[in-house]
Amino acid sequence: IPGRHSYAKYNNWDKIVAWTEKMVDKHPEMVSRIKIGSTFEDNPLYILKIGKKDERRKSVFMDCGIHAQEWISPAFCQWFVYQAAKSYGKNKIMTKILDRMNFYVLPVFNVDGYIWSWTQDRMWKKNRSKNHNSKCVGTDLNRNFNVSWHSSPNTDDPCQDTYRGPAPESEKETKAVADFIRSHLKSIRAYISFHSYSQMLLFPYGYTLKLPPNHEDLTKVARIGTDVLSTRYETQYIYGPIASTAYPTSGSSLDWAYSLGIKHTFAFELRDKGRFGFLLPESRIKSTCKETMLAVKFIAKYILRHTS
Amino acid sequence: IAPVHFDREKVVRVKPQDENQVSIMKNLAKDNELDFWYPDAINHVAANMTVDFRVSGKEFQSIQSALDQNRMHYEILIDNLQEEIEKQFDVKEA
């Protein structure tokens, strides 16, 4: 018995699994669960699909918890699924969105790492795969995607927190997510990844200071998205390309999804700006999720209107 | 395996002002076990960037004196990480 799930608290993996079942039971016409693969430690990777059965509709792919210690991120994905399912038929905007598009939500990307951060090391970031010829464990899944994977400043040292893995998509988790996105590419119009912390809304590229072809469009969405987000609690976000707004990275999911043809890809770096860092208190979960929801709904509406 | 404890571990914020201060940071990272929170690795640290890192209570003293010696301003964001970990569960079960 995993115990009581709460949207106002951080939930361990067992509670999240039980919650996915509950969401499907409660909203069978709106929510379905898809197992897209399993992790290094053989835990299931679940995606919740929100929306009607029609596969041809536009869709948005969202993932949370690619980095284990960023607990606010899975908390947001759970909040999003709950709010979307609950408000369908009640909230005008959400109803309109869900009548026309689907969401694929991966509540926890790095399941093994998330479990480890609950049970052994609160500051754990990577997954839990064993590394050949090293006593150090884990790969940074957000450097394991097949985009500019070979370029510096990635590290080849498995003992580093930012280790990119032995090859692109070497990790079962990365491969499962990449396969799922590739197989649903026809419908996916936007990809959104949720991280913490530092209050940013980022878009490609991370591996170069060059700007993507539709950077004006992405900048506009990010500017309005952060404006909308701030209307609730006046939380200030900055926005821009990863490389110049945060710092250069390669092998990131955002750049990879963009290179695959999903031309609206964003990463949220949620609260806060360092007072708590990765240890955002539970008392701030709800407000963080509420304001983020506004921005995500805006992005979804924009995708509906401006993509073919 | 016993879970990791973070008693007396600190999270420190530094903003290196120029390349010289960046290289001081890099040397500190070489000689000490620093866990970079932002950016996520020492090779991303640049001048005028806000840098947050975690350091053990034991190593903090040498970090502090190096920063003082080089007149680098720093701020202690978290003084005892273990306390902060416990404090994050501040919502009671419904």
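So that the names make sense, note that chain A is the first sequence line, chain B the second, and so on, each numbered from 1.
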Run the numbers on Asp90(B) and Ser283(A) for side chain to side chain donor-acceptor pair (under 3.5 Å), then give the verdict. CA-CA 6 Å; Asp90(B) 63 347; Ser283(A) 53; 2.5 Å; yes

Distance in Å, Ile42(B) CD1 paired with Thr162(A) OG1, rounded so as to fall on 0.5 Å steps: 11.0 Å

Contact origin within Phe36(B) toward chain A - heavy atom pairs under 4.5 Å: neither

For chain B, which residues from residues 236-244 of chain A lie under 4.5 Å away (heavy-atom distances)? none

So, taking the atom named CH2 in Trp37(B) and the one named OG in Ser198(A), what distance separates them when rounded to the nearest 0.5 Å? 13.0 Å

How long is the span from the CZ atom in Arg122(A) to the CZ atom in Phe6(B), to the nearest 0.5 Å? 9.0 Å

Portion of Ala2(B) that has a non-hydrogen atom of chain A nearer than 4.5 angstrom: backbone

Can you find a heavy atom in the side chain of Asp161(A) that is under 4.5 Å from one in the side chain of Asp40(B)? no

When the 4.5 angstrom heavy-atom criterion is applied to Trp71(A) and chain B, the contacting part is side chain

Residue part contacting chain B, namely of Asp121(A), when any heavy atom lies under 4.5 Å: both

Quick one: sort the Trp118(A) and Phe89(B) rings into parallel, tilted or perpendicular, breaks at 30° and 60°. tilted

To the nearest 0.5 Å, atom CD of Glu282(A) lies from atom NZ of Lys92(B) at 11.5 Å

Find the distance between OH (Tyr38(B)) and OH (Tyr197(A)) and round it off to the nearest 0.5 Å. 9.0 Å

Please state whether the side chain, the backbone, both or neither of Lys273(A) comes within less than 4.5 Å of a heavy atom of chain B. backbone

Mind checking which of residues 66-86 of chain B sit less than 4.5 Å from chain A, heavy atom to heavy atom? Leu77(B), Ile78(B), Leu81(B), Glu84(B), Ile85(B)

Whatever's closer than 4.5 Å to a heavy atom in chain A on Val91(B) counts as both

Closest approach of His44(B) and Arg143(A), non-hydrogen atoms and distance? NE2-NH2, 2.9 Å

Within this structure, what is the CG-NZ distance for the pair Leu279(A) and Lys87(B), rounded to the nearest 0.5 Å? 10.5 Å

pair Val4(B)-Trp124(A): side-chain heavy atoms closer than 4.5 Å: no

Atom NZ of Lys26(B) with >12 non-hydrogen neighbours under 6.0 angstrom: yes

